[in-house]
Amino acid sequence: TTNTNKHTYTMGPRARKPSAIVEVANTGGTVTETDDEEVETPRNEDGEGSSSVHRNLLKVLRTVSQEDMDSFGMTPDPDGVTASPIQKERSVSGALGADAEQPHSFRTRSVAAFWRGHDALEDWGYRNFPVVTDLFNLIVYAVDLAIRSVRWFQFGVVAVFLGFRLIVYAIMLLPGFLKIFFEYYHDQRIQRRIRFGPAEREYLDIYVPKEAWACLKGEGPPVPVVIAIMGGAFIIGHRGYNAQLGLRLMDFGVITVGIDYRNFPRAKIPDMVEDVGRGVRWVFQNIHMYGGDPKNVMLMGQSAGAHLSAMLLLEHGLLEAMERSRNKELEVNGSTDTATPCLTRGGARSGHDIDAWSVTDLKGYIGISGPYDLIKLGPHLASRGLYPKIVDHITNGDAGGCSPERILDTDDFKRHSKALSQLLPHIHLFHGYKDKAVPVWASSDFAAKLTTEGITNVTLDLRKDMTHTYPVIEGPMKRHDPQVELILPVLFGPGAEKRIEESSLPPMFPIWLLNLAGAVSPF
């Protein structure tokens with residue numbers, strides 16, 4: 001115990017203490033984590049070798065990070081409208097399937113024509129009737145999801161009970177959700193549905209504050225940028241979930257970019273990481289056109305978004321570490337051959353020979369309530385009466401290869417961990433003790449694993465009395481926004497806390513109602 005604001009913290013039996021632990025509580029008292037059940041940590045099928053998903057994802061991310069907008073015939077437009085892709089294949093990783101027919105076959109031409117017509121009609125709908133079009137797409141997706149996933153509902157009673165609690169929770173906070181919904185569609189500062197890639201969900205929203213518009217007019221400097229990856233259990237996510245955060249950060253002169261990604265069952269986790277990687281690349285290539293500062297960018301994710309962004313951070317960082325090691329070997333051997341300069345940051349940048357971004361370009365990374373080990377998450381899902389095998393479906397049978405904590409055990413990471421640790425930005429892992437959806441040990445174990453592997457610039461931030469949704473829903477509605485409290489000091493440095501205090505807002509609801517909603521929430 002260090003002072004009255006800090007509290008005793010005892011690591012559970014599964015975790016080792018990381019380099020920095022920030023223990024913050026809402027109220028006084030002693031916070032301890034004890035009596036945890038020991039969780040057996042299964043090994044990947046490949047042991048400490050290399051997962052096939054991990055190896056394939058490295059290849060895909062290498063391709064994604066060297067793309068440019070010309071690859072898809074898209075040109076960003078500050079008015080929020082982008083041209084539909086000329087190249088309409090659904091993803092670089094081959095969403096048409098391994099046995100896709102030749103480019104000029106009748107079937108391929110028909111599919112391409114269908115998607116061109118679909119996108120043209122959808123673009124027209126979003127330009128003229130955005131709310132109706134979004135609701136229609138939501139209904140279509142819900143029906144499709146129900147048909148595809150009906151075979152997984154093996155715990156019907158529990159699923160119905162959790163669904164009932166979710167409905168009650170949504171009704172209790174419905175006025176707040178409607179307010180945010182209205183602002184999302186009517187605030188002229190929000191540039192919605194900008195396409196950044198060829199897949200069906202590769203769109204992003206940009207929340208552009210007045211300071212950014214001033215920059216575009218030559219009346220001020222570029223503004224900081226936050227890349228936000230939303231949650232949604234890999235199944236029901238939507239970039240609009242970032243609206244409350246984006247609206248609030250505009251008050252502080254910060255651009256928020258909410259990146260969307262394909263959901264399961266239309267995509268698996270490697271596809272989602274690919275989407276997120278393509279979105280991050282787009283931001284570094286284009287955010288200056290919206291008044292953003294590509295030298296002051298941070299990456300963050302919540303829940304499933306924290307998992308996907310952590311995967312991207314580690315895998316992309318590994319690509320850079322491997323390239324640096326290769327360059328050093330060539331220098332030592334005196335070879336006249338040159339390594340691909342795509343991931344070295346010291347030389348000039350030119351054309352397609354380099355990556356559009358590096359993990360060293362990030363000011364920091366924040367992961368909020370993320371499930372970083374999907375193998376260990378399975379028993380937790382079963383303990384809540386949910387179908388644990390859904391993890392196998394989402395990961396295509398390789399939960400270890402799709403888990404940030406597990407891929408730290410691969411041979412690639414073991415060989416390049418020292419170089420990787422020198423590249424990664426500061427990592428801040430945030431979690432609430434009362435999180436029912438993703439247990440708090442998900443972050444503490446991941447922090448411990450990172451530290452064990454030599455990545456020491458890690459902060460573990462565990463909060464008392466916070467649920468899974470508090471940092472993104474109830475907290476901001478109370479006008480206590482942990483996300484903003486974490487983001488602004490990284491982007492603005494000293495004095496950020498005072499800016500937060502000076503711009504405080506009244507709660508959207510009575511505090512007692514928000515507390516009750518948090519207790520009803522199934523998360």
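The figures that follow rest on heavy atoms only: side chains count, while hydrogens, waters and symmetry mates do not.
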May I ask you to test the [X]-[Y] pair for a side-chain heavy-atom distance under 4.5 Å?
{"X": "F413", "Y": "L420", "result": "yes"}
{"X": "L450", "Y": "L424", "result": "no"}
{"X": "F523", "Y": "I473", "result": "no"}
{"X": "M322", "Y": "R415", "result": "no"}
{"X": "F430", "Y": "M300", "result": "no"}
{"X": "N296", "Y": "V225", "result": "no"}
{"X": "M466", "Y": "D435", "result": "no"}
{"X": "P482", "Y": "Y470", "result": "yes"}

Of all the heavy-atom pairs spanning [X] and [Y], show the shortest one and how long it is.
{"X": "S309", "Y": "Y365", "answer": "OG-OH, 3.0 Å"}
{"X": "L423", "Y": "A321", "answer": "CD1-N, 3.6 Å"}
{"X": "A304", "Y": "G232", "answer": "CB-N, 4.2 Å"}
{"X": "I375", "Y": "D373", "answer": "N-OD1, 3.0 Å"}
{"X": "A437", "Y": "H380", "answer": "O-NE2, 3.2 Å"}
{"X": "A310", "Y": "F446", "answer": "CB-CE2, 4.3 Å"}

Short side-chain to backbone donor-acceptor contact, [X] and [Y], under 3.5 Å:
{"X": "R192", "Y": "Y184", "answer": "yes"}
{"X": "R189", "Y": "V208", "answer": "no"}
{"X": "H186", "Y": "F182", "answer": "yes"}
{"X": "D275", "Y": "R262", "answer": "yes"}
{"X": "D361", "Y": "V297", "answer": "no"}
{"X": "N286", "Y": "W282", "answer": "yes"}
{"X": "E183", "Y": "L247", "answer": "no"}
{"X": "N263", "Y": "Y261", "answer": "yes"}
{"X": "H307", "Y": "C402", "answer": "yes"}
{"X": "S403", "Y": "L374", "answer": "yes"}

Which class fits the ring pair W357 and F284: parallel under 30°, tilted 30 to 60°, perpendicular over 60°?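 Rings of W357 and F284: parallel, under 30°.
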Given the rule in the salt bridge (Lys or Arg N to Asp or Glu O under 4.0 Å) test, do D481 and R248 qualify, once you have shown the distances and angles that lead to the verdict? CA-CA 9 Å; D481 197 331; R248 183 57 174 148; 5.7 Å; no
In sequence, state the C-alpha distance, the side-chain angles, and the governing distance for T256 and M250, and then conclude on side-chain contact (heavy atoms from CB on, under 4.5 Å). CA-CA 8 Å; T256 303; M250 283 195 292; 6.0 Å; no
For side-chain contact (heavy atoms from CB on, under 4.5 Å), just list the numbers for I487 and M298, CA-CA rounded to whole Å, side-chain angles, deciding distance to a tenth of an Å, and then say yes or no. CA-CA 8 Å; I487 290 168; M298 71 178 304; 3.7 Å; yes
Are E274 and R278 within salt-bridge range, i.e. N to O under 4.0 Å?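 Yes, charged N to carboxylate O under 4.0 Å.
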Let me confirm one number: the [atom1]-[atom2] distance from [X] to [Y], rounded to the nearest 0.5 Å.
{"X": "K449", "Y": "L408", "atom1": "NZ", "atom2": "CG", "value": "6.5 Å"}
{"X": "M477", "Y": "Q244", "atom1": "CE", "atom2": "CD", "value": "5.0 Å"}
{"X": "E405", "Y": "D445", "atom1": "CD", "atom2": "CG", "value": "5.5 Å"}
{"X": "R201", "Y": "D260", "atom1": "CZ", "atom2": "CG", "value": "4.0 Å"}
{"X": "L319", "Y": "D412", "atom1": "CG", "atom2": "CG", "value": "9.5 Å"}
{"X": "M289", "Y": "I206", "atom1": "CE", "atom2": "CD1", "value": "9.5 Å"}

Taking it one step at a time, do H431 and S444 satisfy side-chain hydrogen bond (donor to acceptor under 3.5 Å, both in side chains)? CA-CA 9 Å; H431 220 115; S444 62; over 6 Å; no
By the definition side chain to side chain contact (heavy atoms under 4.5 Å, CB included), identify the one residue from T360, L313, N457 that meets it with P425.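 That would be L313.
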Around atom NZ of K436, are there more than 12 heavy atoms from other residues, nucleotides or ligands closer than 6.0 Å?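 Yes, the 6.0 Å shell around NZ holds more than 12 heavy atoms from other groups.
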side-chain contact (heavy atoms from CB on, under 4.5 Å) for K376 and W441? Distances and angles first, verdict last. CA-CA 10 Å; K376 284 189 286 189; W441 49 254; 3.7 Å; yes
Trace of the side-chain contact (heavy atoms from CB on, under 4.5 Å) decision for Y290 with I194: CA-CA 12 Å; Y290 297 85; I194 298 174; 3.6 Å; yes
